[in-house]
Student: 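Just dropping this structure here.
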Amino acid sequence: MKYVIGNWKSNQNITESLIWLDQLAALHPKFSTETTIILCLPFTDIASFNHKIADLGLPIISGSQNVSHLPPGKHTGEITANMLGELVSYCIVGHSERRREFGESSEMVAQKARLLLENSITPIVCLDTPYMDEQIKAMFNFDVDVSRCFFVYEPIDAIGTGKPIDPIDANHITSQIGFLTDNSAPVLYGGSISSDNAAAFTNQNRIDGVLVGTDSLEPTLFASIITSLS
Ligand code: 13P
């Protein structure tokens with residue numbers, strides 16, 4: 001199985017997200033039973049998006065982009081894994097933007113992964129080489145079952161630049177991530193993925209899919225990525 005995961009980041013309100021779905025459906029992308037499509041949305045979009053994918057019969061699974069590292073309780077404003085359990089099957093954790101802008105540590109990311117698994121949500125754990133070993137170690141220290149997670153190698157320099165790294169180099173790092181996680185979980189690549197390069201990454205022997213930022217926002221570009229992998 002290959003995976004295409006979109007990450008809208010902090011873009012699209014409810015209305016825009018529903019228009020995006022209508023536009024995507026109208027493009028009739030070539031969905032394949034060999035490729036799972038997951039779209040990680042802002043919290044506010046998820047409920048109406050879920051209704052609409054069911055109405056349209058689209059084979060898209062929703063995810064979120066973050067979750068609290070705390071359990072339910074007195075934490076004003078936090079969205080817990082328990083709340084998300086009714087809405088999503090996947091959740092991105094540890095994106096480099098959250099580390100940089102919100103000071104998230106490897107321990108917090110491991111706590112999030114653990115709470116997600118307790119609520120039957122698959123954590124999609126983002127990694128880059130400077131903290132890859134530390135993050136995976138933290139997962140084991142917090143008793144996170146890594147075989148129930150997804151991992152994504154996202155080199156910071158390749159994010160939003162239009163300049164992905166060489167797929168062969170990416171495959172070296174994803175192989176290393178696989179080795180560190182007992183080769184028990186899917187490992188993906190993210191960073192400037194487009195329809196022109198997605199297949200070059202998924203054709204590598206240790207890259208199970210792609211995480212797409214910029215090109216997931218435009219239905220035509222996202223549809224082309226889906227079709228390019230079918
Ligand atoms: P881009 O596809 O815009 O490089 O973003 C990658 C990313 O950060 C996905 O999480």
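Each ligand, and each atom within it, is numbered from 1 in the order the structure gives.
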Student: Of all the non-hydrogen atoms in the protein, which one sits nearest to atom 6 (C) of ligand 1, and at what distance?
Tutor: Glu154 OE2, 3.6 Å
Student: I'd like to know if the side chain of Lys112 and the backbone of Glu107 have a donor-acceptor N/O pair within less than 3.5 Å.
Tutor: no
Student: Would one find an N or O of Thr161, backbone or side chain, under 3.5 Å from an N or O of ligand 1?
Tutor: no
Student: Angle class for the Phe222/Trp20 ring planes (parallel below 30°, perpendicular above 60°, tilted otherwise)?
Tutor: tilted
Student: Does Gln65 use its side chain to pair, donor to acceptor, with the backbone of Lys9 at less than 3.5 Å?
Tutor: yes
Student: Below 4.0 angstrom from a heavy atom of Leu211, which ligand 1 atoms are there? Numbered from 1 as shown, please.
Tutor: 9 (C), 10 (O)
Student: Return yes if some donor-acceptor pair links the side-chain N/O of Asn197 with the main-chain N/O of Ile193 below 3.5 Å, else return no.
Tutor: no
Student: Give the contacting part of Ile159 toward ligand 1: side chain, backbone, both or neither, where contact means a heavy-atom distance below 4.0 Å.
Tutor: both
Student: Hey, is ligand 1 close enough to Gly213 that some N/O pair sits below 3.5 Å?
Tutor: yes
Student: Need the ligand 1 atom indices (1-based, order shown) with element for anything under 4.0 Å from a heavy-atom of Thr214.
Tutor: 1 (P), 2 (O), 3 (O)
Student: Decide side chain to side chain contact (heavy atoms under 4.5 Å, CB included) for Phe140 and Val146; before the verdict, give the C-alpha distance in whole Å, the side-chain angles of both, and the deciding distance to 0.1 Å.
Tutor: CA-CA 8 Å; Phe140 284 111; Val146 294; 3.8 Å; yes
Student: Can you list the ligand 1 atoms lying under 4.0 Å from a non-hydrogen atom of Lys9?
Tutor: 5 (O), 7 (C), 8 (O)
Student: Taking only heavy atoms of Gly191, which atoms of ligand 1 are found under 4.0 Å from at least one of them?
Tutor: 4 (O)
Student: Please check whether His95 reaches ligand 1 - meaning an N/O of the residue sits under 3.5 Å from an N/O of the ligand, judged on distance alone.
Tutor: yes
Student: For a quick test of your reading: what N or O donor-acceptor pairs under 3.5 Å do the side chains of residues 155-166 make, sequence neighbours left out?
Tutor:
residue: Thr161; atom: OG1; partner: Asp157; partner atom: O; Å: 3.3
residue: Thr161; atom: OG1; partner: Ala158; partner atom: O; Å: 3.4
residue: Thr161; atom: OG1; partner: Lys163; partner atom: N; Å: 3.1
residue: Thr161; atom: OG1; partner: Ser192; partner atom: OG; Å: 3.4
residue: Asp166; atom: OD1; partner: Ile168; partner atom: N; Å: 2.7

Student: Between Trp8 and Cys40 (side chain of the first, backbone of the second, donor and acceptor by atom type, cut-off under 3.5 Å), is there such a pair?
Tutor: no
Student: Going by the order shown, which atoms of ligand 1 are within less than 4.0 Å of some heavy atom of Asn7?
Tutor: 9 (C), 10 (O)
Student: Would you say ligand 1 has an N or O under 3.5 Å from any N or O of Glu97?
Tutor: no
Student: Of all the heavy-atom pairs spanning Cys126 and Ile92, show the shortest one and how long it is.
Tutor: SG-CG2, 3.8 Å
Student: Does the plane of the ring in Tyr189 sit parallel, tilted or perpendicular to the ring in Tyr153? Use 30° and 60° as the thresholds.
Tutor: perpendicular
Student: Would you say the side-chain atoms of Arg114 pair up with the backbone N or O of Phe142, donor to acceptor, closer than 3.5 Å?
Tutor: yes
Student: Going by heavy atoms, is Ala158 under 4.0 Å from ligand 1?
Tutor: yes
Student: Give the numbers and elements of all ligand 1 atoms closer than 4.0 Å to a heavy atom of Ser192.
Tutor: 1 (P), 2 (O), 4 (O)
Student: Touching ligand 1 at all, Gly190? Heavy atoms, strictly under 4.0 Å?
Tutor: no
Student: Identify, by atom number and element, the atoms of ligand 1 in contact range of Gly160, meaning under 4.0 Å from any of its heavy atoms.
Tutor: 1 (P), 3 (O), 4 (O)
